[in-house]
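No experiment lies behind these values; they were computed from the predicted model shown. Throughout, a chain's letter reflects where its sequence line sits, starting with A, and its residues are numbered from 1.
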Amino acid sequence: MQLSEQPGGRRAAPGPGGFDPEVVRKDFPVFEHPVHEDKRLVYLDSAATAQKPRAVIERVVRFYETENANAHRGIYELGERATKAYEDARETCARFVNAATPRSIVFTRGTTESINLVRYAWGRANVHEGDEILVTEMEHHSNLVPWQMLCGETGATLRHLPIDERGLLRTDLLDGLVTERTRLVCVSHMSNVLGTINPVREVADAAHAVGALVLVDAAQSAPHLGVDVAALDCDFLAFSAHKLCGPTGAGVLYGRESVLEDMPPFHGGGEMIREVWSDRATYNEIPYRFEAGTMNIAQVVGMAAAIDYITALGLDAIRAHERELTAYALDAVASTGAEIYGPPTAEQRGGVVAFNLPEVHPHDLATIVDEDGVCIRAGHHCAQPLMRRLGVPATARASMYLYNTRDDVDALVASLEQAKGWFS
Amino acid sequence: MQLSEQPGGRRAAPGPGGFDPEVVRKDFPVFEHPVHEDKRLVYLDSAATAQKPRAVIERVVRFYETENANAHRGIYELGERATKAYEDARETCARFVNAATPRSIVFTRGTTESINLVRYAWGRANVHEGDEILVTEMEHHSNLVPWQMLCGETGATLRHLPIDERGLLRTDLLDGLVTERTRLVCVSHMSNVLGTINPVREVADAAHAVGALVLVDAAQSAPHLGVDVAALDCDFLAFSAHKLCGPTGAGVLYGRESVLEDMPPFHGGGEMIREVWSDRATYNEIPYRFEAGTMNIAQVVGMAAAIDYITALGLDAIRAHERELTAYALDAVASTGAEIYGPPTAEQRGGVVAFNLPEVHPHDLATIVDEDGVCIRAGHHCAQPLMRRLGVPATARASMYLYNTRDDVDALVASLEQAKGWFS
Amino acid sequence: MSLEDLYKEVILDHYRSPRNKGRLDPHDVRLERNNPLCGDEIELFLRFDGDDLEAIAFEGKGCSISQASASMMTEKVAGLPAKQARAIAESIKAMMAGEEDGDPDVLGDLVSLKGVVKYPVRIKCALLGWNTLLEGLEEAGRA
Amino acid sequence: MSLEDLYKEVILDHYRSPRNKGRLDPHDVRLERNNPLCGDEIELFLRFDGDDLEAIAFEGKGCSISQASASMMTEKVAGLPAKQARAIAESIKAMMAGEEDGDPDVLGDLVSLKGVVKYPVRIKCALLGWNTLLEGLEEAGRA
Ligand SMILES: Cc1ncc(COP(=O)(O)O)c(C=O)c1O
Ligand SMILES: Cc1ncc(COP(=O)(O)O)c(C=O)c1O
């Protein structure tokens with residue numbers, strides 16, 4: 001599905017399926033409030049966190065007002081409602097990632113906790129001295145630092161799959177880097193800096209050929225591309241609710257059923273146990289074995305509402321809109337003289353545009369455009385090794401989502417031009 | 001502060017400070033909705049999770065509608081608001097537990113995660129073969145299973161401080177059980193089954209005398225008694241927002257500043273780092289070193305609103321109300337012929353009454369009283385070793401909070417009498 | 001059926017006077033199973049005569065629904081061909097999952113257990129004995 | 001002061017033509033500090049003559065506010081008694097924390113840095129040089 005471009009027009013017509021970002025925008029209360037007293041909010045930092053539609057906020061409120069109880073514990077009606085809402089959310093998540101069973105869905109605080117859960121529970125049992133873990137050169141710190149730590153603890157070796165000049169993975173080097181010693185290959189589905197969409201299946205096939213597992217960081221792809229664990233053939237996949245219009249404080253670890261079955265627990269506490277004696281315990285079945293204590297029930301329920309919201313709009317339509325807007329933004333930002341990082345075309349990337357204006361430090365830039373109500377990110381984007389690879393200390397980054405329009409991009413460009421003026 | 005008892009009256013007069021549970025109850029939207037079509041909700045399971053006042057729900061909504069952005073990352077105004085709300089919450093929590101500095105406050109998902117954080121980050125660095133960890137016989141699984149796991153991994157030994165027949169800690173045995181080999185003593189401030197309020201300071205003094213640290217499980221005490229880390233002289237203290245009228249998915253680990261300073265990180269990821277290279281990283285200062293990735297920002301902000309709510313009502317007034325109601329409930333439940341577990345007087349315990357009716361299994365009881373809209377808990381209450389100590393497979397449990405009234409207790413007792421009737 | 005009727009007409013009779021309660025010796029299969037969340041326990045004994053479930057008995061403790069359901073089960077399946085016992089157990093499970101209505105011709109009095117469906121958390125209690133039976137038949141190679 | 005004025009009147013002059021930029025040899029103290037969240041870097045060189053800060057220079061990269069503030073700092077404190085340099089640094093910090101208004105008699109042109117207070121995330125940038133100076137004075141035993 002491709003949105004029609006109106007030649008010369010400032011705004012895309014609603015795409016097939018009736019996707020119209022101006023209408024979508026009305027679902028998000030945050031846009032009703034101006035910033036800096038009277039400025040229209042131009043929110044271009046959805047790769048950091050997305051705004052929340054009314055449907056999600058109201059779902060959380062409804063939980064607290066009519067279903068609030070501890071899940072899996074109460075015999076009374078309120079407890080049943082809470083348990084049902086929580087387990088229904090698990091089914092929603094399973095469908096969303098096309099998992100064969102909800103038993104594969106473990107709830108967490110977010111991508112970072114999901115990955116650290118794998119590090120602690122799977123990693124300590126399966127990675128030993130002399131083993132290797134492979135990560136890509138474009139990973140977010142959350143999919144890099146845990147593996148540094150695990151290697152430090154176990155004596156395993158961390159290896160890196162490089163990227164090329166356009167910010168694409170050097171999959172041609174997979175053969176040499178994936179070896180009999182490789183236990184795990186960690187790859188982000190979509191880069192939060194370059195926007196690159198990675199050929200995860202190709203990486204998974206190479207890993208599986210030597211018996212290694214594959215962990216996919218879907219923090220950026222789940223909200224913007226959608227994910228299909230069967231098609232990706234991954235063993236673990238992690239994402240965060242807050243980046244897909246859901247509440248903060250919730251996320252998912254998908255794990256292949258057979259892998260989770262063999263995995264020791266993560267946290268000790270209530271609910272993850274089967275029987276406890278004073279000196280030992282036996283543990284619950286999956287996925288409960290990995291969910292200790294009172295979980296983030298309301299947030300998980302809100303996450304399911306967010307998934308319902310974006311899937312009702314259609315991930316294809318969202319992707320088509322973002323592709324169209326990204327193409328527009330790549331041109332518009334380039335027209336200011338900025339250097340843009342990552343793949344040249346909108347087909348190869350998600351709605352993330354990292355750039356630098358010559359002479360203007362990105363922090364100065366972010367402060368200056370903020371005066372106009374334009375929210376962009378400046379910094380290393382939790383990817384310092386990638387910054388070194390690009391040869392810059394930091395970049396500015398504009399990232400787009402379903403509520404952004406060409407007006408937003410135009411506002412950014414106008415602000416960039418003004419900043420250039422001050423510095424020239 | 002003690003509420004005046006009205007002889008023969010069914011309801012306590014508002015206590016000094018004007019505390020009136022009937023008025024408080026109106027702050028909680030959940031009570032506006034009947035259960036089982038037309039039954040008044042008699043919620044007696046606050047030890048599992050508390051209901052949420054409008055002020056907390058509205059605070060979370062306001063965050064999503066006017067402050068939502070990632071904390072500590074954005075240069076723009078929305079990001080500043082999010083960061084401020086998040087860090088203000090840290091100060092609120094520091095004041096609430098009387099911590100010397102907000103640097104001592106680490107945000108988590110809840111008590112269980114707080115305790116597991118200590119197990120992983122502090123425990124693995126400080127507990128070795130031959131060392132000992134002491135827990136009490138009344139601990140919740142969340143303050144027991146993590147230490148079983150740590151002992152299993154390190155070769156340390158887990159020891160147990162017994163309770164007496166009334167459910168009080170055998171502190172007379174501390175001398176023999178706290179030794180030069182003890183590294184950590186784990187004690188709940190208030191039992192979620194017996195209600196027992198433990199002499200934490202006495203335990204802490206014994207531990208510190210041999211150089212051991214003390215971890216306090218304040219899941220029950222923070223909401224009902226309030227906590228003062230300076231007076232308790234503890235090294236770690238954990239509590240959950242959801243039990244003190246706050247959102248699910250948030251909690252606190254308090255750590256003594258000097259202890260946290262020396263503690264290695266827990267999760268690897270964004271925000272907890274200082275500088276990252278491809279093969280290694282240096283870590284951020286406390287408390288950020290322990291907060292990896294996007295945190296549960298909205299929930300932490302809601303937790304602060306909950307703390308503001310209960311402290312505005314006054315923890316002394318809440319405690320006085322609960323003491324009065326507990327005394328009433330102990331008598332009323334005993335009058336049905338039930339056996340009650342734990343200390344005999346309301347002075348020695350919080351508002352938790354665990355009991356069994358002869359001949360009626362607690363699960364049957366919970367199902368039967370639920371028909372009348374009465375929510376109680378039945379089971380092992382995540383304390384299986386304590387159940388064995390009490391010689392029962394399970395108990396029923398009624399637990400009270402600031403919105404409960406004598407009417408609630410009366411409804412419970414009427415329901416219990418009916419159940420007795422069915423079974424007799 | 002109201003909760004009161006469920007208890008008074010179905011559960012309490014078997015809870016108070018359980019049928020086939022106790023050990024069965026000799027036996028071909030012995031199985032202990034529990035319901036970890038509730039603490040309900042069942043110990044089930046099976047003896048076969050060829051493909052027939054010649055005798056069945058149980059020990060256990062727990063809530064009235066778990067124990068009464070186990071008692072009703074032993075009464076129903078004792079003496080039946082293993083295959084038929086299995087079919088009944090599957091029928092009960094389907095009924096409790098809300099997938100079937102419960103055929104009175106097959107289940108007889110057991111249809112009254114359907115009253116538990118309205119209390120979702122208690123379904124596991126009602127099924128504890130039945131699940132243990134299915135495992136036992138499997139273990140004996142009779143299923 | 002508007003952001004435009006802050007940049008045009010205060011920051012950009014020093015950013016484009018930084019004073020005392022470069023190494024200082026010989027020196028008594030050399031310190032490298034950075035602002036991990038922004039990536040701003042400062043390398044500071046101090047030379048003392050008794051208790052006087054005889055000379056000061058810096059290297060660095062980062063945003064204009066961090067670099068301009070460091071440049072303004074070197075211009076202001078070069079040649080002063082260490083004690084007085086320290087007092088100025090403390091004053092700037094208090095001003096940026098919103099605790100003091102900033103005394104023009106003490107701070108002179110530096111008062112204009114107050115414009116950064118309105119941009120809380122940038123305060124760390126403005127203070128990077130000053131905090132490094134305080135550490136340097138401490139290290140030299142001159143504070
Ligand atoms: C005494 C005690 N400790 C720990 C916990 C665990 O708290 P949470 O489930 O919020 O992690 C609870 C609550 O269930 C509790 O009552
Ligand atoms: C690619 C990528 N991985 C991981 C993360 C971490 O996600 P979270 O902060 O929600 O744990 C992010 C977001 O910051 C990301 O963009």
One should read off an interatomic distance between A:Ser278 OG and B:Glu139 CD, to the nearest 0.5 angstrom, of 12.5 Å
Heavy-atom distance under 4.5 Å to chain B: side chain of A:Ala50, backbone, both or neither? backbone
Side-chain donor-acceptor pair under 3.5 Å between A:Gln299 and B:Thr248, yes or no? yes
Looking only at heavy atoms and a cut-off of under 4.5 Å, which of B:Ala383, B:Ala378, B:Pro247 has the most pairs with chain A? B:Pro247
CD of B:Glu80 to CG of A:Asp370, rounded to nearest 0.5 Å, is 6.5 Å
What part of B:Arg119 lies closer than 4.5 angstrom to a heavy atom of chain A: side chain, backbone, both or neither? side chain
When A:Ile75, A:Val30, A:Thr49, A:Val145 are compared by non-hydrogen pairs under 4.5 Å with chain B, the top option: A:Ile75
Given heavy-atom pairs under 4.5 angstrom as the criterion, report whether the side chain, backbone, both or neither of B:Phe31 touches chain A. neither
Select one option (side chain, backbone, both, neither) describing which atoms of A:His381 are under 4.5 Å from chain B's heavy atoms. neither
For A:Glu153, is it the side chain, the backbone, both, or neither that has a heavy atom closer than 4.5 Å to a heavy atom of chain B? side chain
Less than 4.5 Å to any heavy atom of chain A: does that hold for the side chain of B:Arg388, its backbone, both, or neither? side chain
With a 4.5 angstrom heavy-atom cut-off, which part of A:His36 approaches chain B: side chain, backbone, both or neither? both
What option among B:Gly79, B:Gly293, B:Gly74 has the most heavy-atom pairs under 4.5 Å with chain A? B:Gly293
Go through the atoms of A:Ile376 and report whether side chain, backbone, both or neither lie under 4.5 Å from a heavy atom of chain B. backbone
Answer with side chain, backbone, both or neither: which region of A:Phe107 has an atom nearer than 4.5 Å to a non-hydrogen atom of chain B? neither
Highest number of heavy-atom pairs under 4.5 Å with chain A: which of B:Ile297, B:Thr367, B:Thr294? B:Thr294
Which bit of B:Ser240 comes within less than 4.5 Å of chain A, counting heavy atoms only: side chain, backbone, both or neither? neither
Are the charged groups of A:Lys39 and B:Glu77 less than 4.0 angstrom apart, N to O? no
Interatomic spacing from NZ in A:Lys52 to CD in B:Glu65 - rounded to 0.5 Å: 12.5 Å
Mind checking the CD1-CD spacing from A:Ile273 to B:Gln148? Nearest 0.5 Å is all I need. 10.0 Å
So which of B:Ser46, B:Gly110, B:Ala48 has the largest heavy-atom pair count under 4.5 angstrom toward chain A? B:Ala48
Please give me the minimum heavy-atom distance between B:Leu144 and A:Trp277, naming the atom from each residue. CD2-O, 4.1 Å
Side chain proximity check, A:Asn70 to B:His242, heavy atoms < 4.5 angstrom: yes
Checking A:Arg81 against chain B: side chain, backbone, both or neither under 4.5 Å from a heavy atom? side chain
Heavy-atom proximity to chain B below 4.5 Å, by part of A:Phe28: neither
Looking only at heavy atoms, what is the nearest atom pair of B:Pro146 and A:Gly268, with distance? CG-O, 3.4 Å
Got B:Glu271 and A:His141 here, is their nearest side-chain heavy-atom distance under 4.5 Å? no
If I measure from the heavy atoms of chain B, does A:Glu113 come under 4.5 Å with its side chain, its backbone, both, or neither? both
Residue, of B:Cys151, B:Pro264, B:Gly249, that accumulates the most heavy atom pairs under 4.5 Å with chain A: B:Gly249
So, do A:Asn296 and B:Asn296 sit near enough that their side-chain heavy atoms are less than 4.5 Å apart? no
Region of B:Glu275 that comes under 4.5 Å of a non-hydrogen atom in chain A: both
Identify which part of B:Arg159 has an atom lying under 4.5 Å from any heavy atom of chain A, answering side chain, backbone, both or neither. neither
Against chain B, label A:Arg389 side chain, backbone, both or neither, depending on which of its atoms sit under 4.5 Å from a heavy atom there. neither
Tell me, side chain or backbone of A:Thr108 under 4.5 Å from chain B's heavy atoms, or both, or neither? backbone
Closest contact, heavy atoms only, B:Arg274 versus A:Gln384: O-NE2, 3.5 Å
Quick check on A:Pro53 against chain B: is it the side chain, the backbone, both or neither that has a heavy atom closer than 4.5 Å? neither
If I take atom OG1 from residue B:Thr112 and atom NE2 from residue A:His267, how far apart are they, to the nearest 0.5 angstrom? 9.0 Å
Relative to chain B, which segment of A:Tyr43 carries a heavy atom at a distance below 4.5 Å: side chain, backbone, both, or neither? side chain
Hey, what do you get for CG (B:Leu78) to CD (A:Gln51), rounding to the nearest 0.5 Å? 5.5 Å
What's the shortest heavy-atom distance between B:Met149 and A:Pro265, and which atoms? CE-CG, 3.5 Å
Who among B:Leu158, B:Val61, B:Thr66, B:Asp279 has the most heavy-atom pairs with chain A under 4.5 Å? B:Asp279
